[in-house]
Structures are given as C-alpha cells and as structure tokens.
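Take a look at the structure below.
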Amino acid sequence: MRVAVVQFAPKIGQVQDNIRTAWKLCDRISPNTVDLVCLPEMIFSGYVFPDAAAITPYLEEPRTGPTSRFCAELAARLRAYIVAGYPERLPPQETGRITLPGGQTVDAVGANAAALYGPEGQFVGEYRKTNLYDTDMTWAAPGSGFVTFHLPPPLNTVSLGICMDLNVQPPAVWNSLSSGPYEIADYCIAQRTNLLVLLNAWLDSGEEPEEETDWRTLNYWASRLWPLWAKVAEEGDDAERGSNSSGKGPSDSSGRRPGEEVLVVVCNRCGTENGITFAGSSALFSLTRNSGRPRLLRAMTRKQEAAEIWTYPQNSAEGARSG
C-alpha cells in the first residue's frame, strides 16, 4: 500500500493560494506511484473561523466546489484515490438552529466534510464529521455516523473520520484506558477495517516544544485507538473491557480477531491560525489486535510542509518523500 500524506500550513480564507500550495507539493508525485493521497481537514479554507458569518463565504458545494475539483483532477492525473476535507454548504432545508448530542445549540450553515475521488477522477463518496469540536459548533451540523468504503486492493476496507471523531462523543466521558468508550475504534472492529484515515486539524499539545515532532499528540492518538492494539480478554474475562464498553455496535467476537492488523493514517495540518497552533506530526500506525502495543511506522514533524509517500510493507528502510 502506497499512501501520500500532504501536510502544510494553509492561510485562512486564501483558498486559491492554498490550492496552489497543494499542487506544488503534489507535483512531484508521478502517476501510478501511489494508491491514496490524503489532505487534512478543511485544508483549503482554513479552520479557525469565529462564527457562521465568517465561514459562509468559504462554504463549498459538494462535488462542484474547489476542493472537489482539486480532488477529481489530481485523482485522474495520478490514477489514485484522493481524499480531502472541506467546509460543505448545507442545502436550505438542512440549515437552521439545531441541538447537538451534548446539549449545545448551533446555527448550522454547513458541515465539516470530506470528499473521496477515484482513479478516473470520479466521485466515490463523502463524509460529514460526526463529533464536532468547539470551533465547528459555531457553524456546522454533525454527520450521522462514520463511513466505510470498500475499495480495490491494496486499500480494501477503508474507514474515514475527521479529527475530533477520534475523541469520545458527548455526553460520554473517557474514564480510563481500559474502559473507554472508543467509538471510532469499535466501529473499525465491527467493520473489519483494513485502513483508517483521519483527516485532522489537531492542535499542538504545547508539551516539549523543543521536540521537532509532537510526541504527546502521537501518544494520545494511539491511546484513543486502544481497542485496535490492546490485549484481547479471554472469553468470559471482563477485566480488560468486557465485550463492548461503548454499548454501540457488535462485540469483538463479531468483529476484528486477535492478530489482525489495521493501518491508521493521520493526516494533520500544521502552522498557526488566529492564534491557534496545530500539531503537524502526521503519522502512520500499524495496530494489531492482541499485540499489546501500537507501532508507529512513520511521522512528520510539527512544522514540516511536504507530501510524503509512505509504503507499507516496505523493503527499504526509508519511504519516499517529495516536497
């Protein structure tokens, strides 16, 4: 599997400049050399908009907006799958004041979305972020749940989430590593997911700023996917987690088995926007049920702007890099 991860610092509201940056980074990727290209959450619009009025000029029509056109063109050029995040404009019948699962209310004008395009430039599918972050709650309606695509090998069963989807969904609270809940990880177990892609605008942890990579954030991402690499409890043993702590979806016995592997691509943005600093540190994990530990295969740095190609499994010690 060959995955290109595009990480850079977009300039808020400067959509065409950000698209030019993405084209420049992707220009060194040759056709037929990657299976999937990932770009982060709302990568062309920027992310930190204060309210619905501020983001409205940058909302995009699905399938015809600038992000969709970029994905379609790049997919056809590279003959690969392309996925990118963007702020979707809601149709009039979906706009208005709504109440979120945690009890907050929002004037919804859009959705924090992602679009997936295929090797012939064709639209494959879309997704709306399910678990909204504070910034999203000023303008976005949540999606109705995670999504999985069944794609040709080597991608196979691909599940998609956006940033905060990795966190616990309100009103639930993450009590401990062993108890969860772990909504997106449990979903991947039930779906028998081969590849989980997370498109992020994840904030920097602020810890150990002298380190080039935000290790605190990488550790957190891995911990929130604990069911995908944790030791599996013996039958009848509730010491670790029981059959399904979230109460959503089937138990492990009907999902991923011990020893099965899921690859996780976390495609994050970097840079600072309206006083908020993002973590960068995009990463590739190999998570194997019952292994007892996550494996970090590749990671970018906090400030790196590049398109890196990560191949797994790989014969050489280093993957390819462009940018």
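Just so we're clear, the structure is a prediction, and the values are computed from it rather than from any experiment.
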Practice problem: Identify the heavy atoms of L39 and L199 that sit nearest to each other, and give their distance. | Solution: O-CD2, 3.3 Å

Self-check item: Distance-minimising heavy-atom pair for P142 and L132
Solution: N-CD1, 3.9 Å

Quiz prompt | Atom pair CD1/CD of I43 and Q7 - distance to nearest 0.5 Å | solution = 9.0 Å

Quiz item: Do E126 and L116 have side chains that get closer than 4.5 Å, going by heavy atoms?
Solution: no

Quiz item: Any sub-3.5 Å donor-acceptor pair from S291's side-chain atoms to R293's backbone N or O?
Solution: yes

Quiz prompt | Qualifying salt bridge (charged side-chain N to carboxylate O under 4.0 Å, His left out) pairs with a residue from residues 266-285, counting only residues at least two apart or across chains | solution = R269-E273

Quiz item: Which atoms form the tightest heavy-atom contact between A111 and A140, and what is the distance?
Solution: CA-CB, 4.2 Å

Quiz prompt | ring-ring contact (aromatic ring centres under 6.0 Å, His included) against F149, all qualifying residues, sequence neighbours excluded | solution = none

Exercise. Not counting sequence neighbours, which residues clear side-chain contact (heavy atoms from CB on, under 4.5 Å) with P50? List them please.
Key: A54

Quiz item: Less than 4.5 Å apart, any side-chain heavy atom of V264 and any of L284?
Solution: no

Quiz item: Does a donor on one side chain and an acceptor on the other come within less than 3.5 Å for Y47 and N200?
Solution: no

Self-check item: Any donor-acceptor pair under 3.5 Å from T130 side chain to D165 backbone
Solution: no

Quiz item: So which heavy atom on A9 is nearest to which on E305, and how close?
Solution: N-OE2, 2.9 Å

Exercise. Measure the spacing between CD of E73 and SG of C71 and express it to the nearest 0.5 Å.
Key: 10.5 Å

Practice problem: Give a yes or no on whether the ring-centroid distance for F285 and W229 is below 6.0 angstrom. | Solution: no

Practice problem: Determine, step by step, whether R289 and E260 satisfy the salt bridge (Lys or Arg N to Asp or Glu O under 4.0 Å) criterion, reporting the C-alpha distance in whole Å, the side-chain angles of both residues, the deciding distance to 0.1 Å, and the verdict. | Solution: CA-CA 6 Å; R289 292 281 289 159; E260 290 185 331; over 6 Å; no

Quiz prompt | Residues L203, Y133; criterion side chain to side chain contact (heavy atoms under 4.5 Å, CB included); working and verdict | solution = CA-CA 11 Å; L203 276 56; Y133 184 58; 3.7 Å; yes

Quiz prompt | Derivation of the side chain to side chain contact (heavy atoms under 4.5 Å, CB included) call for L100 and V106 | solution = CA-CA 8 Å; L100 302 177; V106 57; 4.0 Å; yes

Quiz item: Side-chain contact, heavy-atom cut-off 4.5 Å: L166 with I184?
Solution: yes

Quiz item: Hey, does the side chain of Q104 reach the backbone of M137 with a donor-acceptor pair shorter than 3.5 angstrom?
Solution: no

Quiz item: Any chain of hydrophobic side-chain contacts (each under 4.5 Å) joining V109 to I98?
Solution: no

Exercise. Kindly say whether N156 contributes a backbone atom to a donor-acceptor pair with the side chain of N194 at under 3.5 angstrom?
Key: no

Quiz prompt | Interatomic spacing from CZ in F278 to OG1 in T217 - rounded to 0.5 Å | solution = 12.0 Å

Practice problem: Sort and list the pairs that fulfil salt bridge (charged side-chain N to carboxylate O under 4.0 Å, His left out) and have at least one residue in residues 95-115, not counting sequence neighbours. | Solution: R97-D107

Practice problem: Test salt bridge (Lys or Arg N to Asp or Glu O under 4.0 Å) on R224 and E183 and set out the steps. | Solution: CA-CA 9 Å; R224 282 299 302 159; E183 293 90 344; 3.6 Å; yes

Exercise. Only counting residues at least two apart or in another chain, list the ones meeting side-chain contact (heavy atoms from CB on, under 4.5 Å) with S223.
Key: W174, L177, Y220

Quiz prompt | Rounded distance (nearest 0.5 Å) linking atom OG1 of T135 with atom CD1 of I276 | solution = 7.0 Å

Practice problem: Can you sort out the partners of E60 under side-chain contact (heavy atoms from CB on, under 4.5 Å), two or more places apart, ordered by chain and number? | Solution: P66, T67, Y86, P87

Quiz prompt | Atom pair OG1 (T288) and CG (L228), whose distance is rounded to the nearest 0.5 Å | solution = 9.5 Å

Quiz prompt | Steps toward ring pair (Phe, Tyr, Trp, His ring centres under 6.0 Å) verdict (Y117, Y81) | solution = CA-CA 6 Å; Y117 280 76; Y81 288 89; over 10 Å; no

Self-check item: By side-chain contact (heavy atoms from CB on, under 4.5 Å) - contacts of D17 (at least two apart)
Solution: Q14, R20

Quiz prompt | Distance-minimising heavy-atom pair for G280 and W221 | solution = O-CH2, 3.8 Å

Practice problem: To the nearest 0.5 angstrom, please state how far the CZ atom of R69 sits from the OG1 atom of T64. | Solution: 7.0 Å

Practice problem: For Q122, look at atom CD and say whether over 12 heavy atoms of other residues, nucleotides or ligands are found less than 6.0 Å away. | Solution: yes

Quiz item: Are side-chain heavy atoms of C267 and L198 found at a separation under 4.5 Å?
Solution: no

Quiz prompt | S45 side chain reached by I12 side chain, heavy atoms, under 4.5 Å | solution = no

Quiz prompt | Check: L297 and L263 side chains under 4.5 Å, non-hydrogen atoms | solution = yes

Quiz item: Would T277 and T272 satisfy side chain to side chain donor-acceptor pair (under 3.5 Å), going step by step from the backbone distance to the final call?
Solution: CA-CA 4 Å; T277 300; T272 299; 3.1 Å; yes

Quiz item: Within the distance-only criterion (no hydrogens, no angle test), does the side chain of N274 pair as donor or acceptor with the backbone N or O of V48 below 3.5 angstrom?
Solution: yes

Quiz item: Y312 and S286: which non-hydrogen atoms are nearest, and at how many Å?
Solution: OH-OG, 3.8 Å

Quiz item: Only one of L78, V265, V5, L195 forms a side-chain contact (heavy atoms from CB on, under 4.5 Å) with L36, so which one is it?
Solution: L195

Quiz item: With ILVMFWY side chains joined below 4.5 Å, transitively, what does V173's cluster contain besides itself?
Solution: none

Quiz item: What residues, two or more places apart in sequence or in another chain, satisfy salt bridge (charged side-chain N to carboxylate O under 4.0 Å, His left out) together with R128?
Solution: E88, E94

Exercise. Look at the aromatic rings of F146 and Y127 and report parallel, tilted or perpendicular, splitting at 30° and 60°.
Key: tilted

Quiz item: Just checking, any donor-acceptor pair under 3.5 angstrom between side chains of S30 and T33?
Solution: no

Quiz item: Judged by atom type as modelled, is there a donor-acceptor pair below 3.5 Å linking the side chain of T301 to the main-chain atoms of S281?
Solution: no

Quiz item: Would you call L225 and Y182 a side-chain contact if the rule is heavy atoms closer than 4.5 Å?
Solution: no

Practice problem: Please write out which residues are connected to L90 in a hydrophobic cluster, directly or through intermediates, given that two of Ile, Leu, Val, Met, Phe, Trp, Tyr count as joined at side-chain heavy-atom separations below 4.5 angstrom. | Solution: none

Exercise. For residues 41-52, pull every pair meeting salt bridge (charged side-chain N to carboxylate O under 4.0 Å, His left out), keeping only residues two or more places apart or in separate chains.
Key: E41-K129

Quiz item: Which pairs pass salt bridge (charged side-chain N to carboxylate O under 4.0 Å, His left out) with one or both residues in residues 197-221, sequence neighbours excluded?
Solution: D204-R302, E207-R216, D214-R302

Quiz item: Judged by atom type as modelled, is there a donor-acceptor pair below 3.5 Å linking the side chain of R89 to the main-chain atoms of G110?
Solution: no

Quiz item: Between the side chains of T148 and S159, is a donor N or O closer than 3.5 angstrom to an acceptor N or O?
Solution: yes

Quiz item: Is there side-chain contact between L296 and L218, with heavy atoms separated by less than 4.5 Å?
Solution: yes

